[in-house]
Amino acid sequence: MDILKASISKLRQLIKDNKISSEEIVAQISERINKENPKLNALLTVVEKPEVNENMKDKPLYGIAFTLKDTYVTKGIRTTAGSRLLENYIPQYDATVYKKLKEAGAVLIGKTNCDAWGHGSSTENSDFGVTKNPWNQDYVAGGSSGGSAAAVASHLSPFSIGEDTGGSIRQPASFCSVVGLKVSYGLVSRYGSIAYASSLDTVGPITKTVEDCALVLDVIAGNDNQDATTNPAKPSHYSKSINNDIKGFKIGIPKEYFVEGIDKEVAEQVENSIKLFKKMGCEIVDITMPMTRYALSTYYLIATSETSSNLGRYDGIRYGNSRKDFGAEAKRRIMLGTFTLSAGYYDAYYKKATKVRTLIKNDFDQAFKKVDIILAPVSPTPAFKIGEKVNNPLQMYLSDILTIPVNLAGIPALSVPAGFTKYKLPVGVQLIGNRFEEEKLLNIGHKFEQERGELPSID
Ligand code: GLN
């Protein structure tokens, strides 16, 4: 069990000291997957013969097993995006994020479950069944990267790669008590990532610790000539600076994120986190971000417009099954998006939304003139029950209210476990940084985690 619970940094040390081999790690994980995955449904595909490459011993992630959200294409390995439409799709090429991880010595062991096309907040929109929360199997694991978060929390893989368009990495991380990083738009290549909403989609890690997040980011960040939206600047060495002193840092608390309807126990955990920052010598600054109230409608206009355009390629002619295999949520979003992009409505809806988006970004720009990071809840509630919101799409959309402003602004945010409710459901805290300031964000997140101390984990 120790091996299964170990962080990437611990595993790296054990491998280096010849205390364990990569084959043993993979064997233990495979056994765990066979036992736990039938209950959780976190993995849609298990790689039959995971490839450990002995010639990569000096690589940074040598021998470390991982899973990928099933929205990343993997040559020769089925990739479904959680949709029946791609049930039998075997890609011809590798996503850049996968290629980089392979080149760093990491070993792919499975593809994780998700809401079809990334549409959702609970994995209930997956065409292959819901992923259960490992802390309580009556509850959702969150979404859309619910399979990735559940896999890391229940030790089916030391880390996973999720995708965040409106909260899909941070919210499941918070629901499952693992760390999730939504990166700045343009930091990590999206080549080979099945597109949801192209002006919002980002690729990022889900891990057990903030340090592990930095170790994975060290490998996956950076320019890619296959993705014109990637930043040409050389990325930082994230894991190097996580131990820097954070005394005197300014932490902004936006009053609009502590709105009515926030669960009492979530608010309590966030209050405790603020206290920890005070204890570490940080300064707490009250800030205001008045445009936050427009974020949800702006997001759902932009996201549905862009997805209606992106999903147009699944015409059943070139690859994939027939359009009839789009699920109800995909159809709903295609219809909404087609409407908002159509002649006569484009200016009133899509174009207007892009203008409001700029105002939301301006709020963040103003805030970062005063503070180093912003602290907020990740989600207004802990994990909800399976079936609770499934017949009420608006209720489901509302659960993204605290994660989507970050995507609209293109900035990074980290979800770090803060504690548990009295019913033993995890609660995460959201730390938001300025664009391309992942180095500072991970430093602050790591210090917070150290001060918070060890939390319970799944047995
Ligand atoms: N829940 C949000 C949505 O349904 C975000 C999904 C995501 O980030 N992929 O759009």
Side-chain angles (χ1 to χ4, degrees), residues 6-13 16 58-62 64 66 68 96-106 145 148 152 158-164 169-170 173 178-190 202-224 227 229-246 249 251 277 280 282 368 372-375 406 410-417 428-452:
S7 62
I8 299 174
S9 54
K10 178 93 186 287
L11 288 173
R12 286 209 314 177
Q13 199 55 47
K16 211 159 146 202
D58 54 340
K59 298 288 186 216
L61 295 177
Y62 167 71
I64 311 288
F66 73 103
L68 278 175
T96 296
V97 64
Y98 174 42
K99 190 164 155 269
K100 283 190 171 185
L101 287 166
K102 267 202 285 192
E103 284 166 4
S145 315
S148 288
V152 176
F159 78 93
S160 191
I161 300 295
E163 178 278 331
D164 195 312
I169 287 178
R170 288 160 288 157
V178 290
V179 176
L181 173 68
K182 184 259 172 228
V183 300
S184 302
Y185 188 81
L187 184 69
V188 177
S189 169
R190 301 178 298 170
T202 56
V203 179
I206 294 184
T207 57
K208 293 184 196 285
T209 66
V210 176
E211 181 181 15
D212 283 2
C213 225
L215 288 168
V216 176
L217 192 61
D218 280 341
V219 169
I220 64 173
N223 184 240
D224 178 11
D227 176 357
T229 63
T230 48
N231 184 12
K234 198 171 169 284
S236 312
H237 187 169
Y238 303 96
S239 56
K240 215 166 111 191
S241 14
I242 52 170
N243 279 309
N244 292 353
D245 192 11
I246 62 163
F249 276 32
I251 317 283
F277 277 110
M280 287 189 281
C282 295
F368 287 119
D372 293 283
I373 59 153
I374 294 168
L375 185 152
V406 160
I411 56 180
L414 192 60
S415 173
V416 191
V429 64
Q430 182 172 209
L431 308 175
I432 303 169
N434 205 352
R435 185 124 192 242
F436 295 126
E437 289 191 356
E438 276 81 355
E439 194 174 346
K440 191 198 262 183
L441 184 61
L442 290 162
N443 173 205
I444 295 174
H446 176 70
K447 286 293 201 184
F448 167 77
E449 198 177 53
Q450 305 259 293
E451 190 69 28
R452 181 208 65 200

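None of these values were measured; they are calculated from a predicted model.
- Atom CD1 of Ile242 is separated from atom CD of Glu449 by 8.5 Å, given to the nearest 0.5 angstrom.
- For Lys10, the salt bridge (Lys or Arg N to Asp or Glu O under 4.0 Å) criterion is met by no residue, not counting sequence neighbours.
- Across all non-hydrogen atoms, the minimal contact from Ile220 to Pro205 is CD1-CD, 4.3 Å.
- Counting heavy atoms from C-beta on, the side chains of Leu215 and Ser9 come closer than 4.5 Å.
- The side chain to side chain donor-acceptor pair (under 3.5 Å) test applied to Lys100 returns no partner, not counting sequence neighbours.
- Between Thr209 and Ser7, the shortest heavy-atom contact is CG2-CB, 4.2 Å.
- Applying the side-chain contact (heavy atoms from CB on, under 4.5 Å) test to Arg435 and every residue at least two apart in sequence or in another chain returns Ser184, Tyr185, Ile411.
- There is a side-chain donor-acceptor pair under 3.5 Å between Asp224 and Ser189.
- Ser145 places a side-chain N or O within donor-acceptor distance of the main-chain N or O of Glu163, the cut-off being under 3.5 Å.
- Taking the side chain to side chain donor-acceptor pair (under 3.5 Å) definition, one finds that Ser415 meets it with nothing, sequence neighbours left out.
- The distance from atom CG of Asn223 to atom OG1 of Thr229, rounded to the nearest 0.5 Å, is 9.5 Å.
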(message) Assess the residue pair Phe159 and Val179 against the criterion (side-chain contact (heavy atoms from CB on, under 4.5 Å)); give the C-alpha distance rounded to whole Å, side-chain angles, the decisive distance to 0.1 Å, and a yes or no.
(response) CA-CA 10 Å; Phe159 78 93; Val179 176; over 6 Å; no

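- Looking at every heavy atom in both residues, Ile251 comes nearest to Cys282 through CG1-CB, 3.8 Å.
- Judged as a salt bridge (Lys or Arg N to Asp or Glu O under 4.0 Å), not a single pair has a partner in residues 233-245 (not counting sequence neighbours).
- Interatomic distance, Asp372 CG to Lys440 NZ, rounded to the nearest 0.5 Å: 3.5 Å.
- Here Leu11 contributes atom CG and Asp212 contributes atom CG; the two are 8.0 Å apart, rounded to the nearest 0.5 Å.
- Annotation: side-chain contact (heavy atoms from CB on, under 4.5 Å) contacts of Gln13 (sequence neighbours excluded): Asp17.
- Residues forming a side-chain contact (heavy atoms from CB on, under 4.5 Å) with Asn231 (at least two apart in sequence, or on another chain): Ala233, Phe436.
- With sequence neighbours excluded, the residues satisfying ring-ring contact (aromatic ring centres under 6.0 Å, His included) with Phe277 are Phe448.
- The side-chain heavy atoms of Leu187 and Thr202, taken from C-beta on, include no pair separated by under 4.5 Å.
- Of all non-hydrogen atoms in Ser148 and Ser160, the two that sit nearest each other are OG-OG, 2.8 Å.
- Between Pro60 and Asp218 the shortest side-chain heavy-atom distance does not fall below 4.5 Å.
- Under the side chain to side chain contact (heavy atoms under 4.5 Å, CB included) test applied with Val183, the options Asp164, Ile169, Val188 reduce to a single match, Val188.
- Legend: residues meeting salt bridge (Lys or Arg N to Asp or Glu O under 4.0 Å) with Glu211, ordered by chain and number and at least two apart, are absent.
- Evaluation of the side chain to side chain donor-acceptor pair (under 3.5 Å) rule for Glu451 yields Lys279 as partners, not counting sequence neighbours.
- Judged as a side-chain contact (heavy atoms from CB on, under 4.5 Å), and not counting sequence neighbours, the contacts of Ser241 are Asn244, Glu439.
- The main-chain N or O of Tyr238 is never found under 3.5 Å from a side-chain atom of Ser236 such that the two would form a donor-acceptor pair.
- The distance from the OG1 atom of Thr96 to the CZ atom of Arg190 is 11.5 Å, given to the nearest 0.5 Å.
- Atom-to-atom distance recorded for Ile161:CD1 and Leu101:CG is 5.0 Å, nearest 0.5 angstrom.
- Under the rule for a side chain to side chain donor-acceptor pair (under 3.5 Å), the partners of Lys102 that lie at least two apart in sequence or sit in another chain are Asp94.
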